[in-house]
Amino acid sequence: MARPVILHRDFYSRDTPIVARELLGKWLYSEIGGQLTAGVIVETEAYLAEEDPACHAAKGRTPGNAAMFEEPGWAYVYPIHSRCCFNVVTEAAGVGAAVLIRAIEPKLGLSLMRQRRAARRGTETSSRELCSGPAKLCEALGIGRDFNQHDLTKGKTLWLGEPFNGQDPGEHVPLEIRVTSRIGVTSAKDLPLRFVWAGHPSASGPRCLR
DNA sequence: CTGAGGATAGTCT
DNA sequence: GACTATCCTCAGA
């Protein structure tokens with residue numbers, strides 16, 4: 001297929017909150033075994049290298065978080081509660097900052113997404129619930145730990161880019177962005193580092209935070 | 001519809 | 001052994 005524009009290294013090589021904000025409206029693609037799935041990013045969270053105890057890199061580099069210290073534009077996939085969450089590394093190599101992708105609106109390959117989700121759940125899932133959470137979208141797109149340290153700027157198997165061919169980018173830019181504290185973190189509760197496409201049905205979290 | 005609580009496993013100390 | 005950037009089920013309204 002003809003690739004839509006892929007996000008390059010310089011997109012990621014900026015301050016993490018800026019990257020998190022500008023990621024809203026971009027598309028996340030996975031092409032695994034020749035099967036394409038994709039969706040629009042509607043919710044992100046920034047995790048900072050400095051003064052952010054909630055960041056996995058806060059206590060320094062360990063084998064588990066090593067990906068966060070790699071090149072911007074690389075993937076950091078970590079396991080939690082027997083699921084996975086997907087981050088993109090930002091700023092610069094050695095810094096230890098990233099953006100967590102919390103929710104997408106499913107656009108391409110819905111039936112495969114449903115299949116992958118149902119494999120775990122055993123029940124049918126509505127399209128708005130399909131990718132409305134960091135671990136849900138990983139399941140739906142087939143993102144596992146094998147994508148840790150994957151280079152997202154190559155446009156192969158897993159990457160971020162502009163809207164799919166034929167889709168008007170203008171329709172995929174949020175009219176309003178809501179900024180809140182991050183969901184589920186136990187430290188640094190007050191930092192306004194969560195970015196949501198305001199009112200989007202595919203966002204996660206309690207209704208009052210969408 | 002909403003909010004609370006429990007299940008669950010990988011990682012670090 | 002204690003954490004956890006989660007998800008799902010089940011009450012209750």
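Side chains included, hydrogens not; waters and symmetry mates left out as well; all remaining heavy atoms used. Note on naming: letters A, B, ... go to the chains in the order of the sequence lines (proteins, then strands), and numbering restarts at 1 for each one. Quantities reported herein were computed from a predicted structural model and do not represent experimental measurements.
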Please report the distance, rounded to the nearest Å, between CD in A:Glu43 and P in C:dT6. 10 Å
Give me the other members of the hydrophobic cluster that A:Leu193 sits in, counting Ile, Leu, Val, Met, Phe, Trp and Tyr linked by side-chain heavy atoms under 4.5 Å, directly or via other members. A:Leu48, A:Leu191
Return the set of residues passing salt bridge (charged side-chain N to carboxylate O under 4.0 Å, His left out) with A:Arg61 (not counting sequence neighbours), or none when no residue passes. A:Glu70
Write down the distance between NZ (A:Lys189) and P (C:dT4), rounded to a whole number of angstrom. 9 Å
With sequence neighbours excluded, tell me which residues meet side-chain hydrogen bond (donor to acceptor under 3.5 Å, both in side chains) with A:Asp52. A:Arg182
So, are A:Lys107 and A:Glu105 salt-bridged, with charged N and O less than 4.0 Å apart? yes
Would you classify A:Ala135 as touching base, sugar-phosphate or nothing, given that sugar-phosphate means primed atoms plus P, OP1 and OP2, and contacts are heavy atoms under 4.0 Å? sugar-phosphate
For A:Arg182 and C:dT6, is the shortest distance between a side-chain N/O and OP1 or OP2 below 4.0 Å? no
Residues 10-20 of chain A vs salt bridge (Lys or Arg N to Asp or Glu O under 4.0 Å), sequence neighbours excluded, gives A:Arg14-A:Glu22
Mind checking what makes side-chain hydrogen bond (donor to acceptor under 3.5 Å, both in side chains) contact with A:Lys26, not counting sequence neighbours? A:Glu162
Within residues 86-97 of chain A, the residues having a heavy atom closer than 4.0 Å to DNA chain C are A:Asn87
I'd like to know if A:Arg116 pairs up with A:Glu139 as an ion pair, taking the criterion as any Lys NZ or Arg NE/NH1/NH2 lying under 4.0 Å from an Asp or Glu carboxylate oxygen. no
Looking at residues at least two apart in the chain, or sitting in another chain, which of them share a side-chain hydrogen bond (donor to acceptor under 3.5 Å, both in side chains) with A:Ser202? none
Dot-bracket, DNA chain B: Watson-Crick or G-U, under 3.5 angstrom, [ ] crossing, | other strand? |||||||.||||.
Test of understanding: with side-chain hydrogen bond (donor to acceptor under 3.5 Å, both in side chains), list the residues that count as partners of A:Asp151, not counting sequence neighbours. A:Arg9, A:Thr153
Sugar-phosphate, base or nothing in reach of A:Lys136, heavy atoms under 4.0 Å: sugar-phosphate
Once you apply a heavy-atom cut-off of 4.0 Å, does A:Arg145 come out as touching a base, just sugar-phosphate, or nothing? sugar-phosphate
Measure from NZ on A:Lys59 to C1' on C:dA2 and round the result to the nearest Å. 11 Å
Would you grab the first and last nucleotide of DNA chain B (5' to 3') that comes under 4.0 Å of any non-hydrogen atom in chain A? B:dC1 to B:dC12
For residues 97-104 of chain A, run the donor-acceptor check on the side chains, cut-off 3.5 Å, and write out each pair with its distance to 0.1 Å, sequence neighbours left out.
from, atom 1, to, atom 2, distance (Å)
A:Arg102, NE, A:Glu43, OE2, 2.9
A:Arg102, NE, A:Ser204, OG, 3.4
A:Arg102, NH2, A:Ser204, OG, 3.1

If I take atom CG in residue A:Leu130 and atom C1' in nucleotide C:dT6, what distance separates them, rounded to the nearest angstrom? 17 Å
Atom CG of A:Leu191 and atom C1' of C:dA5 are separated, to the nearest Å, by 13 Å
A:Ala98 vs A:Glu139, nearer the 5' end of DNA chain C by closest nucleotide: A:Ala98
Salt-bridge criterion met for A:Glu129 and A:Arg117 (N-O under 4.0 Å): no
Could you tell me how far apart A:Tyr47 (OH) and C:dA5 (P) are, to the nearest whole angstrom? 7 Å
Just jot down the side-chain contact (heavy atoms from CB on, under 4.5 Å) partners of A:Ser187, sequence neighbours excluded, or say none. A:Pro53, A:Ala54
Nearest-angstrom distance from the residue atom CD1 of A:Ile80 to P of C:dT4: 9 Å
Quick one: A:Ile183 CD1 to C:dT6 C1', roughly how many Å, whole number? 11 Å
